[in-house]
Number of protein chains: 2
Amino acid sequence: MLKILVPKIVDAEARRQEVVHAVFRIIASDGLERASLREVADEAGLAVGSVRHYFASSDELLVFSFGVVVDRIVGRLESAMAAVEGEGSGSPEQHAAILSLLGQLLPLDEELAVDACVWMAFRNAARIKPVLAPEAERSHRAVAAVVGRLVMILNKESTGGQDADGQQALVNEAERLLATMDGLCMHALLHPEWMTARMCSDVLTAHLRSMESAAAPV
Amino acid sequence: MLKILVPKIVDAEARRQEVVHAVFRIIASDGLERASLREVADEAGLAVGSVRHYFASSDELLVFSFGVVVDRIVGRLESAMAAVEGEGSGSPEQHAAILSLLGQLLPLDEELAVDACVWMAFRNAARIKPVLAPEAERSHRAVAAVVGRLVMILNKESTGGQDADGQQALVNEAERLLATMDGLCMHALLHPEWMTARMCSDVLTAHLRSMESAAAPV
DNA sequence: GTATTTTTAGCACGAACGTGCTTCTACGCT
DNA sequence: AGCGTAGAAGCACGTTCGTGCTAAAAATAC
């Protein structure tokens, strides 16, 4: 009854992570709709019953996987945000750190591509499947918070943000940056041969430059 | 054998359109994965065999529906583009026409929302289903062409676009606008309570203003 | 009228899905 | 040793899906 199975629990958690990564691989290569229990079990080298031993239902597996990818993305963003705030305000190093932070949201390498693809798939699915809605909202809030802080940093030295109109302008800029990032991510996933990592970087730097030049003459 | 059944063809085409609109309604409310033959037949008030009489297979129905929504969107964009080019370059009327054109890509009313939702669903599905890829590429080319012309119009009076660097800058600006539009559309579909039509319009005008101010000091 | 073709409807099959349930193995604890 | 639980695997049921096929019904041609 009262069994302290610490190594057992660790093993179980590791197995869950293995299954979750099988889900990621399937979503990245064949899409979310192919992430069935049988496909996931095959990809993980297990039987359906074994997967169901760790996840009571298909929904629970998907929600848990969604949470894992959200944690990964948010974790990267927050450590990158620490790097941004560690640099001098307005310095070239901070500029590079900001670029690096936003790059975490784009499929610039294999690992980022898997996360971005899985994240996109779950967010889109959350429109239909209510069980995914809480995680989708959590990820949206977290990313929006980071981007909001970024916009405040970028517009710190300029006039604005004092009155209500300035606040609204900052919210608009944050939403605009957020939309551009998601659109860029989407294009990079849907047209990888055209929207290369270089193209993403160029568009991103252009956007940051336009934000800076637009912030000055308010 | 040699039967001239002009009204019959019209009727058949009308039926196909009815079925396609049933597909649209299902995708908008329940997602693309629920757009099965049985669901579509139910929504259209027909039997599965009847739907299959007009569309040989499920794939053919989906590809045809994709083409219809692409035609709708591209048609709206091109007529809006004619309105833009009919106005004086740089005039407030042209500015309004440009805003109206880009608004055609956003779910600002019920009809636009259905089209945008269906378009997004098919484009995302095209990453996995190769049969949808040609239509996805066609829509991408058409929209990119319109947005590219728009960027050229917006930067006509400014310096740039002469040398190779200027051309690349224009391409970057076009891709940036395209990404922002898709991201806005996506946010409006996923978070309609937050990304309202008013919010979309504000972000869009902010983006156009930033493009104008960024174009001048090249 | 009859004959032909389009239209509509339905059946049946195999495949894939989630899920409740049972079985077998192996290890930890008393 | 004996027991109990977690882990792993599999079976069976009902549902949904696409699709090949057949059959009634309606419209049109002769």
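Quick note: numbers below take in every heavy atom, side chains included, and nothing from hydrogens, waters or symmetry partners. Here the structure is a predicted model, which means the values were calculated and not measured. Proteins get letters first, then strands, A, B, ... in listed order; numbering begins at 1 in each.
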In whole angstrom, what separates [X]'s [atom1] from [N]'s [atom2]?
{"X": "B:D42", "N": "C:dA9", "atom1": "CG", "atom2": "C1'", "value": "13 Å"}
{"X": "B:L37", "N": "C:dA9", "atom1": "CG", "atom2": "P", "value": "15 Å"}
{"X": "B:E60", "N": "D:dT19", "atom1": "CD", "atom2": "C1'", "value": "14 Å"}
{"X": "A:L46", "N": "D:dG10", "atom1": "CG", "atom2": "P", "value": "11 Å"}
{"X": "A:R38", "N": "D:dA12", "atom1": "CZ", "atom2": "C1'", "value": "11 Å"}
{"X": "B:R16", "N": "C:dT6", "atom1": "CZ", "atom2": "C1'", "value": "14 Å"}
{"X": "B:F55", "N": "C:dT7", "atom1": "CZ", "atom2": "C1'", "value": "15 Å"}
{"X": "B:D59", "N": "D:dT19", "atom1": "CG", "atom2": "C1'", "value": "12 Å"}

(message) Go nucleotide by nucleotide along DNA chain D from the 5' end; which of A:G49 and B:V48 gets its closest nucleotide reached first?
(response)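 The residue mapped nearer the 5' terminus is A:G49.
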(request) Specify the residue among B:E39 and A:A47 whose closest nucleotide of DNA chain D lies further upstream toward the 5′ end. (result) A:A47
Just to confirm, is there a sub-4.0 Å distance from OP1 or OP2 of [N] to any side-chain nitrogen or oxygen of [X]?
{"X": "B:R15", "N": "C:dT6", "value": "no"}
{"X": "A:Y54", "N": "D:dA6", "value": "no"}
{"X": "B:S58", "N": "D:dG18", "value": "yes"}

(request) Take the angle between the ring planes of B:F122 and B:F66 and call it parallel below 30°, perpendicular above 60°, tilted in between. (result) parallel
(request) Take A:E33 and A:R52, find for each the nucleotide of DNA chain C with the closest heavy atom, and name the residue whose nucleotide sits nearer the 5' end. (result) A:E33
(request) For B:M199 and A:N172, work out which heavy atoms get closest and say how close. (result)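 Looking at all heavy atoms of both residues, the closest pair is CE-OD1, 3.9 Å.
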(request) Compare the minimum distances between each of D:dG18, D:dA9, C:dA9 and the side chain of A:S50, then state the nucleotide with the smallest one. (result)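 Taking heavy atoms from C-beta onward, the closest nucleotide is D:dA9.
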(message) Side chain of A:H53, heavy atoms from C-beta onward: which of D:dA6, D:dG18, C:dC17 has the nearest atom to it?
(response) D:dA6
(request) For the pair B:R138 and B:D71, find out whether any cationic side-chain nitrogen is under 4.0 Å from an anionic carboxylate oxygen. (result)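 Salt bridge between B:R138 and B:D71, a charged N being under 4.0 Å from a carboxylate O: yes.
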(request) Would you check if B:C117 and B:L189 make a side-chain contact, meaning some heavy-atom pair closer than 4.5 Å? (result) yes
(request) Would you mind telling me which of B:V146, B:L170, B:L178 makes a side chain to side chain contact (heavy atoms under 4.5 Å, CB included) with B:V151? (result) B:L170
